[in-house]
Amino acid sequence: MDLITTHLPSDMVSLLQNVGDLAERRHVGTYAVGGFVRDLLLGIPNLDLDIVVEGNGIAFARAFARKHHARVKVHERFGTATVTCADGLKLDIATARTESYKYPTALPTIEPSSVNKDLSRRDFTINTLAIRLTTRHFGELVDLYGGQQDLNTKTIRVLHNRSFVEDPTRVFRAIRFEQRLGFRLEKETTSLLNNVVKNGLIHRLSKTRLFKEFVALLSEKEPRQLLARMAKFDLLKFIHPQLKGSSELTHFLKAVERSLERYTLLNLDQPIDTWVVYWMALMDVLPTQAVRDTLHRLPFPRRQAKKLQWVGRGSTLLLRQLGKRPVPKPAQIYRTLCDLPDEALIFLMAKSQSESVKRQISAFLTTYQRIHPLLNGTDLKAMGFKPGPQFRNILEKLLDARLNGEVNTDSEERDFVRKLGQTS
Ligand code: ATP
């Protein structure tokens with residue numbers, strides 16, 4: 001009880017109490033579970049509230065939404081529902097279930113069951129903790145596998161010997177939690193993990209599941225340490241067989257960290273996929289054919305795959321252009337960089353050894369890409385120019401002149417355009 005009331009914001013406490021009231025009335029055991037409980041005990045803010053109901057989770061979610069004027073989205077296939085309350089708080093409600101595996105690495109077969117069984121299918125002891133929500137038992141901790149002790153000793157431990165065999169994605173999850181929380185893999189867990197890697201079971205995971213794990217790993221706060229750990233367990237080969245831990249890679253990843261920091265300081269307020277930048281660095285140390293193979297083998301979303309076209313030779317050529325002496329003029333810098341997504345620009349900053357080039361890229365991000373001429377197509381028409389291919393040409397030259405500071409006012413732009421008109 002104390003844990004909930006002392007550590008959570010009051011709207012969350014009332015939400016949990018409301019869930020508990022409904023559970024009490026419907027006579028169904030109901031629990032907060034998983035990462036939410038783990039992080040609550042660690043004092044880490046986590047508003048991803050997962051609820052398990054010993055009964056029909058979807059019916060429970062619908063009843064809760066009706067009573068509290070919330071929205072509900074049902075995922076019939078998984079027996080789960082997401083409830084969004086009027087104040088924006090969300091809860092994922094699931095039917096307690098057991099999973100059995102027809103064969104290792106298969107997707108599990110799911111049947112309704114008790115919370116104890118539900119907790120027994122989970123990955124690590126620290127994720128098996130649950131908090132009872134029914135009013136009479138509100139706030140009681142359920143700890144079936146020594147999860148609390150493992151939280152105290154900062155240990156990642158599987159529940160049984162076949163855990164990694166049943167679901168090898170847990171190999172990556174283990175490393176992710178270990179690094180994120182600053183924990184250590186327990187000894188037996190480490191040797192089980194090593195066995196699964198050696199026995200080649202990871203190859204049996206679908207490419208989609210594997211790719212999802214890589215993205216999750218690279219989306220964590222400190223991918224460099226994670227990748228070092230992956231290298232230690234010989235896991236980088238699942239990204240590509242030629243990918244290995246090396247001082248060159250470590251050096252590059254440090255440069256990526258610095259570039260990302262630099263980008264954050266620019267305050268551009270533009271959402272980026274940091275995992276793509278790390279992925280670019282990983283690909284850049286590979287031969288061209290290996291990059292192609294990786295893109296072909298793993299199910300990259302099209303938009304992200306396109307961003308990777310700049311790794312390798314493409315980026316080397318761009319950097320060479322920016323590194324020329326004398327330093328390129330702003331218009332040249334703009335033309336070199338204007339088609340690149342921000343992730344590629346951050347990657348270029350990391351790859352470049354030259355502070356001058358890094359500054360050019362920063363200037364592009366903060367200034368050049370926002371510069372526009374004062375005149376537009378309508379103004380050109382009013383000045384007597386006929387719309388057509390020439391228009392685009394004039395506007396581009398005008399933009400270049402503006403970027404280079406050759407024109408600054410409306411009348412300077414008009415003079416510039418008139419002169420262009422006379423010469424063309
Ligand atoms: P995160 O903060 O990364 O979301 P989380 O613990 O909430 O951490 P999820 O991936 O959202 O992780 O999973 C929710 C819960 O489901 C976990 O706490 C864990 O108990 C369970 N779980 C998820 N994936 C697996 C898996 N592959 N095997 C067993 N249990 C899993």
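Indexing begins at 1, ligand by ligand and atom by atom, following the structure's order. If you're wondering where the values come from, they're calculated on a predicted model, not measured in any experiment.
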Polar-atom distance check: [X] versus ligand 1, any N or O pair below 3.5 Å?
X	result
D123	yes
R122	yes
R173	yes

- Item | Selected option - heavy-atom contact closest to atom 2 (O) of ligand 1, from R180, R209, R121 |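 Selected option, by shortest heavy-atom distance: R180.
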Show which atoms of ligand 1 fall inside a sub-4.0 Å distance from at least one heavy-atom site of [X].
X	answer
R176	3 (O)
G34	18 (O)
T169	27 (N)
D167	26 (C), 27 (N), 28 (N)
G35	6 (O), 7 (O), 18 (O)
R38	2 (O), 5 (P), 6 (O), 8 (O)

Considering only NZ, NE, NH1 and NH2 on the basic side and carboxylate oxygens on the acidic side, decide whether [X] and [Y] come within less than 4.0 Å.
X	Y	answer
R122	D167	no
R170	D123	no
R209	E213	no

### Query
Do you know the tightest heavy-atom contact between W279 and I239?
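For W279 and I239, the tightest heavy-atom pair comes out as CZ2-CG2, 4.0 Å.
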Sole residue of D143, T128, I156, T155 in side-chain contact (heavy atoms from CB on, under 4.5 Å) with D150: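 It is T155; the other options fail the test.
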Exercise for review: Sort and list the pairs that fulfil side chain to side chain donor-acceptor pair (under 3.5 Å) and have at least one residue in residues 235-251, not counting sequence neighbours.
Suggested key: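 Of all non-adjacent pairs touching residues 235-251, those that pass side chain to side chain donor-acceptor pair (under 3.5 Å) are D234-K237.
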Strictly distance-based, threshold 3.5 Å: is any side-chain N or O of S259 a donor or acceptor partner for the main-chain N or O of A350?
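Between the backbone of A350 and the side chain of S259 there is a qualifying donor-acceptor contact (under 3.5 Å).
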* Asked: Backbone N or O of A290 within a donor-acceptor pair of the T294 side chain at under 3.5 Å?
  ->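 Confirmed, T294 side chain pairs with A290 backbone.
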Honestly, for F177 the part within reach of ligand 1 (heavy atoms, under 4.0 Å) is side chain
### Heavy atom of F36, distance to ligand 1 below 4.0 Å
no
